[in-house]
Every structure is written in structure tokens, then in C-alpha cells.
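Keep in mind it's a predicted model, so treat the numbers as computed, not measured. For ligands, and for the atoms within them, numbers begin at 1 and follow the listed sequence.
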Amino acid sequence: MSLEHPGLKEMHDGIVYKYYVNGMWKNSTSGRTIQNLTPYDETVCYEVQACTTREIDEAYETSKIAQRKWAKTPLWKRAELLHKAAQVLRDYAEIIATPVVREVGKNRKSAIDEVKRTADLLDYAAEEGIRVSGTMLPPDSFTGQERNKFAVVERVPLGVVLCIPPFNYPINLCGSKIGPALIAGNAVVIKTPTQGAVSTMHLAFAFHQAGAPPGLVNIVTGRGSEIGNYMVQHPGANLISFTGGSTGIDVCKKAGMVPLQMELGGKDACIVCDDADLELASTAIIKGGFSYSGQRCTAVKIVFAVDSIADELLTKMKAKKANLTVGHPENNCDITAVIHRKSADYIEGLVMDAKAKGAVFTDDYRREGNLIYPLIIDHVTEDMRIHWEEPFGPVLPFVRVPNESRAVELANKSSMGLQGCVFTSDVTKAITIANDMCTGTVQINGPPARGPDHFPFQGFKDSGIGTQGIRNSIESMTKIKSYVINLPTPSYAVGV
Ligand code: G3H
């Protein structure tokens, strides 16, 4: 596909990108832009608009008007829009992947996969949405009632969904919000992550090319510290769907009387029992711990290995870790620079704290700028920060435990509860441990993962509120409305 597509050219002047409201790409009247630096060499790759509160008001106003028309658009037509947008993503996957590589540092293959995964997600949301139907409830199932009234119950849109995706999946974790929102009859206002903004904006390009009515999809940019509170406290938001870190807890406190769909990260534990297939477990741990340099909320963030197999498991993990390639995202390396210097410094702080407290590194700690080489940290203990905190980087704590019960006990002490996993060949043990783990999902003999995107995805404790997954998100983004038909006299259908 040509880079000269006029729809792509409208989005920017050189490296300066516009925001998108009411079907138009605009420069902010603030006259200010925010620079995005590449994670890997910290050069400026893009600038995005620092939107004003007036521009945010306009986004909400226009989305409200568009939503009222959209809600009256037949479902098959809504589905058609999603399918068309999905096709645009597929047609331009290579081009849309470029900002993901540049501003987020995801390797090119994974960036392209993310775009295609989002296209599949939109198609699935369209298919799922057209099959959402209401119910009819007769009254006489309730004691003492005659058949003289019927409740017709259906799902109706909430209105305007404020979508706040994170940097690590700037396209997919925005698509996972706007696909269900739109098919359910809502309009969306999107607040992009600062780093990742240009990637997310390509979803607007896809919907614009697909023929979305003006105002249905709106994207504003700006620093969370400047416009975040204004956006989440705005009376125009009828639901907030947020994915990110612990700042989400602050969003919850500030949001007020609106439904929330929150995913705030995890400290996903991997428990390896003495009867586990260690080949399988070690492969899953390395993949789960280090893919996208550990910058996934569902990354394996701590390993609990039962003493009797700990050495053998660690040997296998080290051998597999040695195969990871480290370097530039354009070279499709497994490990690339983490998102920014603040993040790299934070990860380093956790590593140094563990070292000072007696942890054993399987390799020398190595950092070049924001590129941190993958590291397994052995003999991690409860007094170390890395036992509890989420590094969001390629460093993996390894804890030796006397038995599985101790592993479950330590895993459950975490304030988070997104996913967990257990490796064992005993199905009874697997189910027992899965039941005991306080997480939204437990993977048995596999690494934590959100996908496939139609699976329910939810965090317990500080990991979140509500459930994602396409069907679940459609439900979260709608509310029940009932119509009760009252009859003057009872009426029973007699059949033949
Ligand atoms: O980072 C949070 C994502 O929801 C994780 O998604 O399991 O597909 O990597 P993933």
C-alpha cells in the first residue's frame, strides 16, 4: 500500500500529528505539542498536540451528538463499519505498525501482529454484537403471579465511552475498547497514551477511511498529568474503560458516578510443582516473562519453584533465555529497549535493591540506555521490592519454596490478582491450586495471556474492576432496559 494515501497525509505535518475530533484532523489551539522519544535511541520521533480543555469539551459534545444517531443505526450497519475498519487495518498493517515500532519499541513482527490481531478483534466484535439479543420474562414463574404482564429486556448503549489505552498495546488495547463500544451503539472519546499516541491515532484513520460518521470516534492527546483528571471527571463520559498501571486507582477515586472497566496490571505468579513437565514450564516462563521485554500486564512476574526441581528448572530457563535476541525492534529482536528512561531507571532500582539484599543473578546485570538485557534473579526473598513490585521489564525474580502451599500463600499476598499459572502433571493438584489462587484467571500448564481476545479477562484485587473480552465488554458497555407490557387480564398461550 502506498505511503501517499491521502487519509494518512491528513493526519500530520511532518512528525507533528494532529488530534481527531468530529471527523477532522486538527492542530490544538494551545499551540503546544508534546515530543515522543523513541525508546531505543531517545531521539524525537513524533510530536502530538497538547489539547486544551475546550477541545476536550468539543470531543465529548460531538460524540454525544454522533452517539444519538449511531444508536439509531441498524445493527448490521454498525457491524459493517467495524468490518470495513478491520479491512483498512489489514490493508495498511505494515504502515500502521511503524509508529508502534518507533514510539513504543515493539519489534516489527509483533507490531504487525498487533495490528492484525486488532482487525480480527473488530471482526469478532461485529459478529458477536449482532448476536446480542434481549429476553422476554413471563411473570408467572414468580410465586403468586398470574400471566398478566411481560418484561421485554434488552441491552441499550451507555452513551459515550471514554477509552484510555496503555502504551504497550496502543492499537490492540484501544481496539478492544472501541470495537465492543461501537457495536453496542456507543460513541467513543479516546485519550491516547503519550508514548503510543500516534499508533492509537491510526485507529481513527481506519475508522475514518471506513466511513465512520463524524464525531463517532474522537481522539485527543495530551499529558495525563494535564488533562487526565479533566477527562475522567467530565460529565460527558458515561463509562471509563482504562488499561494501565496503578494510576488507575486514582482514576477510580476521581471518576464519580460512572461505570468503570479497569485493568491495572498484575504480578502474575508462576508456580512450578515437583511433578511438572520442566521442559514445558521453562519454555512458557521464558516466553511469558520476556516477550515484549516483560512489558505486558500478563507477563510472568515471579516464579515460585518447589525446591526439589528448582535447580533443574533454572538450568532449563537459563538455556532458553540465552536464545533470546537483544537489540533494535526493526531487527525483530526479542528484547528491545523499555519504553523510557524513567521505566529503565525504575527497573534498575528493583534489580539493585535485590542485589543489595542478597539475590543471586544468573548473569551480569547489563543496561545500555533503555535497553536492559534479560535477567533472572535467583534466591529472591520477601524483603526485596522485586518480590512485590511489577518491574514491567525483562527481569524475572525466581523464588525457591518448600512446597506448593507456600507458593500459593506468597502469591496471594500480592496486592494484585490479574492472572497466575501453575505447572503440574496432576490434574487434581492443578485444579486445587487454581482454586486457591486469588487471580481473575489461572492458566494450567501455560503462561498467563489475555488472548484469544474473546476470552474473559479480569483482575481481582488491585488489578482491576469489571471484565474485558469481547462479549464481556459488550455487556459492560451496555445497560439493561426493560419494557413491561401489562395486560388487563391474564393470558396463557395454549399451544396446539
Ligand atoms: O498488557 C496487558 C495486556 O492486556 C496483555 O495482553 O496477554 O495479549 O500480552 P497479552
Heavy-atom closest pair, residues [X] and [Y]:
| X | Y | answer |
| --- | --- | --- |
| Ala125 | Leu82 | CB-CD2, 4.0 Å |
| Gln49 | Thr221 | O-OG1, 2.7 Å |
| Tyr20 | Ala204 | CD2-CB, 3.6 Å |

Original post:
Do Gln443 and Gln419 have side-chain N/O donor and acceptor atoms under 3.5 Å apart?
Top reply: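 Checked: Gln443/Gln419 side chains pair up, N/O donor to acceptor below 3.5 Å.
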Are there any N/O pairs under 3.5 Å between ligand 1 and the protein, and if so, what are their distances?
from	atom 1	to	atom 2	distance (Å)
ligand 1	1 (O)	Asn168	ND2	2.7
ligand 1	1 (O)	Cys297	N	2.8
ligand 1	4 (O)	Arg450	NE	2.7
ligand 1	6 (O)	Arg450	NE	3.0
ligand 1	6 (O)	Arg450	NH2	3.3
ligand 1	7 (O)	Arg296	NH2	3.2
ligand 1	7 (O)	Thr298	OG1	2.6
ligand 1	7 (O)	Arg450	N	2.8
ligand 1	8 (O)	Arg117	NH1	3.0
ligand 1	8 (O)	Arg117	NH2	3.0
ligand 1	9 (O)	Tyr169	OH	2.5
ligand 1	9 (O)	Arg296	NE	2.6
ligand 1	9 (O)	Arg296	NH2	3.3

Subject >> Derivation and outcome, salt bridge (charged side-chain N to carboxylate O under 4.0 Å, His left out), residues Asp274 and Lys429 >> reply: CA-CA 11 Å; Asp274 55 6; Lys429 199 188 275 185; 3.3 Å; yes
Got a list of side-chain donor-acceptor pairs under 3.5 Å for residues 456-466, not counting sequence neighbours?
from	atom 1	to	atom 2	distance (Å)
Gln458	NE2	Gly440	O	2.9
Gln458	NE2	Thr441	OG1	3.4
Lys461	NZ	Asn412	O	2.9
Lys461	NZ	Ser414	O	2.7
Ser463	OG	Gly265	O	2.7
Ser463	OG	Gly417	N	2.8
Ser463	OG	Leu418	N	3.2

